[in-house]
Amino acid sequence: MKYILNILAAATATLLIGCGPAKEGVKDAEAEWIDLSKRDKPSAITQNPWHEVVINVAQFEDLTPFFQEIAGFEILDQTADELRLGAPNAESGFIRLKRIGDAPPARPASSRAWDKGCYFSLMMRAKNLPSIIEDAAPLGWTPLTDMAYLEFGASKLHIVVLTHKSGMRVQLYERLNRPIPEGFTPFERISRPFNIMQMVEDRDVGYDFFQQKLGFDTHFYGPSYTSEKEEVMPLGIPPKLTTSIPYLTGIMTPKSGNIYGRMEMIDIQGMKDSVNYADRCDYNHTGIVAVRFEVEELGAVRKNLRARKVDIIGGDTKSLRIKTPDGANIEFYRK
């Protein structure tokens with residue numbers, strides 16, 4: 001299962017994933033590819049991992065059973081319309097649920113990975129994925145594909161994306177033969193999130209935003225990729241198309257070496273029926289609506305963003321909000 005090679009290959013900075021020839025109807029991205037990660041960049045707006053993700057729900061009970069009963073997260077605080085959950089002993093990667101009543105999802109549960117705009121999934125580590133899939137089904141979670149298997153070097157992995165009717169998705173990774181990376185907070189079944197994924201119209205436009213506007217470091221950036229043989233791809237590209245539909249990946253981090261707080265972009269190319277949901281990435285829809293970074297000096301963040309010509313589209317004396325090129329919301333807020 002080659003999809004995840006783009007992610008895991010980041011551990012070896014000089015490794016370029018083997019790309020097949022350009023396919024009919026798809027731009028020859030490999031021939032024109034330039035390694036933008038080699039460019040100079042400004043300092044990072046913040047070096048801290050994102051602190052929490054904001055998920056709108058019709059009612060708390062839509063998602064709390066999954067995070068409490070399966071993931072083992074704890075309720076940290078709660079009001080009438082907000083509830084914050086966290087993995088035991090976590091210092092970031094919190095889940096903030098906001099109850100907004102009945103509303104359409106930003107990305108419908110039926111949306112495909114090649115549909116653009118907004119956040120697609122939270123990415124978390126897991127143990128015993130088959131049991132998680134089984135236990136999540138009665139709670140309204142459906143696997144996007146069969147569980148995918150990967151052998152990468154000495155690592156063997158299972159991967160699955162689970163979708164809830166609200167449009168919420170989690171992408172789960174299980175190491176089958178090696179321990180969890182050093183420094184990762186211990187967990188029983190599902191870890192705190194370490195990454196969040198968005199689907200983009202143009203990977204390089206999104207990458208430029210994170211690198212040149214926010215000053216983030218590169219965790220992975222590479223040329224387009226297609227599979228050498230038909231396979232189950234956890235993002236849902238039909239197996240018969242995995243050898244002809246290329247995709248590009250970019251993974252950014254506020255600071256190299258962070259094992260949490262990554263921001264990932266996927267650009268699946270050549271699917272002619274794709275839909276763009278960027279105009280639905282707002283606070284009136286359910287699903288993942290924002291990622292929040294906690295900062296010490298909000299004024300300095302505001303000043304740097306303005307100097308880099310990043311539009312600040314909302315906020316007050318305690319927070320501000322910007323958008324990625326594909327509509328995903330990022331908030332910076334003062335401690």
Side-chain angles (χ1 to χ4, degrees), residues 50 52-71 73 80-85 93-124 132-133 136-145 160-172 190 193 195-201 206 233-237 263-268 271 273-292 313-314 321-331:
W50 51 262
E52 61 183 30
V53 59
V54 180
I55 304 171
N56 282 354
V57 294
Q59 54 189 1
F60 295 141
E61 292 76 14
D62 287 344
L63 299 185
T64 51
F66 177 85
F67 286 109
Q68 286 187 279
E69 298 172 19
I70 299 180
F73 285 19
D81 294 316
E82 291 194 16
L83 184 153
R84 189 166 66 104
L85 298 138
F94 301 118
I95 309 292
R96 182 175 295 275
L97 302 182
K98 291 192 175 185
R99 184 169 60 181
I100 64 170
D102 291 335
R107 286 187 64 102
S110 59
S111 66
R112 295 80 48 90
W114 51 93
D115 293 331
K116 314 298 185 176
C118 310
Y119 291 112
F120 179 79
S121 66
L122 276 181
M123 302 161 82
M124 308 157 79
I132 293 173
I133 295 169
L139 305 179
W141 295 82
T142 304
L144 186 61
T145 66
V160 74
V161 175
L162 298 180
T163 301
H164 188 266
K165 64 180 180 180
S166 64
M168 176 62 191
R169 285 191 170 112
V170 293
Q171 190 162 331
L172 304 176
I190 298 177
N195 195 352
I196 190 166
M197 179 183 288
Q198 58 178 300
M199 300 307 180
V200 299
E201 284 280 6
M233 195 271 203
L235 293 182
I237 297 176
M263 309 285 291
E264 181 166 353
M265 297 151 284
I266 296 288
D267 177 4
I268 297 176
M271 300 291 272
D273 63 341
S274 66
V275 177
N276 193 308
Y277 292 106
D279 61 353
R280 295 163 64 114
C281 306
D282 60 42
Y283 295 75
N284 298 316
H285 291 82
T286 59
I288 304 173
V289 295
V291 164
R292 307 187 77 212
I313 62 173
R321 179 165 58 96
I322 62 175
K323 277 188 175 289
T324 71
D326 292 270
N329 295 292
I330 296 176
E331 298 180 8

**Message:** I need the D282 CG to C118 SG distance, nearest 0.5 Å.
**Reply:** 8.0 Å
**Prompt:** Which heavy atom in I288 sits nearest to a heavy atom in L122, and how many Å separate them?
**Reply:** CD1-N, 4.0 Å
**Message:** Does any part of the side chain of E201, heavy atoms only, come nearer than 4.5 Å to the side chain of D326, both counted from C-beta?
**Reply:** yes
**Request:** Classify the angle between the aromatic ring planes of W141 and F67 as parallel (below 30°), tilted (30 to 60°) or perpendicular (above 60°).
**Result:** perpendicular
**CA sep, side-chain torsions, deciding dist, call: I330, T324, side chain to side chain contact (heavy atoms under 4.5 Å, CB included)** = CA-CA 7 Å; I330 296 176; T324 71; 3.8 Å; yes
**Message:** Apply side chain to side chain contact (heavy atoms under 4.5 Å, CB included) to residues Y283 and R321 and explain how you reach the verdict.
**Reply:** CA-CA 12 Å; Y283 295 75; R321 179 165 58 96; 2.9 Å; yes
**Prompt:** Just by distance, do the side chain of K116 and the backbone of V200 share a donor-acceptor pair under 3.5 Å?
**Reply:** yes
**Asked** If you round to the nearest 0.5 Å, how far is NZ of K323 from CD1 of I313?
**Response** 5.0 Å
**Message:** Nearest 0.5 Å, please: how far is CZ in F60 from CG in L97?
**Reply:** 6.5 Å
**Asked** With side chains defined as the heavy atoms from C-beta onward, is the minimum distance between W50 and M263 less than 4.5 Å?
**Response** yes
**Asked** Is it true that the side chains of E264 and N195 contain a donor and an acceptor less than 3.5 Å apart?
**Response** yes
**Item:** Minimum side-chain heavy-atom gap F120-Q198 below 4.5 Å
**Value:** no
**Message:** Consider side-chain contact (heavy atoms from CB on, under 4.5 Å). Of T145, L144, V170, L172, which one does V161 pass it with?
**Reply:** L144
**Message:** Contact between W114 and L235 at the side-chain level, heavy atoms closer than 4.5 Å - yes or no?
**Reply:** no
**Message:** Quick check against the 3.5 Å criterion: does R107 have a side-chain atom that pairs as donor or acceptor with the backbone of R112?
**Reply:** yes
**Complete:** To the nearest 0.5 Å, atom CZ of R169 lies from atom CG of L162 at 10.5 Å
**Asked** For D102, does the CG atom sit with more than 12 other heavy atoms under 6.0 Å from it, leaving out its own atoms?
**Response** no
**Item:** Beyond-backbone contact of L83 with V57, side-chain heavy atoms, under 4.5 angstrom
**Value:** no
**Request:** Might you work through the salt bridge (Lys or Arg N to Asp or Glu O under 4.0 Å) test for E82 and K98, ending with a clear yes or no?
**Result:** CA-CA 5 Å; E82 291 194 16; K98 291 192 175 185; 3.8 Å; yes
**Asked** Would you say the side-chain atoms of Y119 pair up with the backbone N or O of G287, donor to acceptor, closer than 3.5 Å?
**Response** no
**Asked** How many angstroms lie between atom CD1 of I196 and atom CD of Q171, to the nearest 0.5 angstrom?
**Response** 11.5 Å
**Item:** Side chain proximity check, R280 to P104, heavy atoms < 4.5 angstrom
**Value:** yes
**Interatomic distance, T64 atom OG1 to I95 atom CD1 [nearest 0.5 angstrom]** = 12.0 Å
**Prompt:** Heavy-atom distance under 4.5 Å between the side chains of H164 and P105, does that happen here?
**Reply:** no
**Request:** Show your working on side chain to side chain contact (heavy atoms under 4.5 Å, CB included) between L85 and L63 and close with a plain yes or no.
**Result:** CA-CA 11 Å; L85 298 138; L63 299 185; over 6 Å; no
**Request:** Kindly say whether S166 contributes a backbone atom to a donor-acceptor pair with the side chain of T286 at under 3.5 angstrom?
**Result:** yes
**Main-chain N/O of C281 paired to N329 side chain as donor or acceptor, under 3.5 Å** = yes
**Asked** Taking the six-membered ring of F94, is the NZ or CZ of R84 close enough (under 6.0 Å from the centre) and on axis enough (within 45°)?
**Response** yes
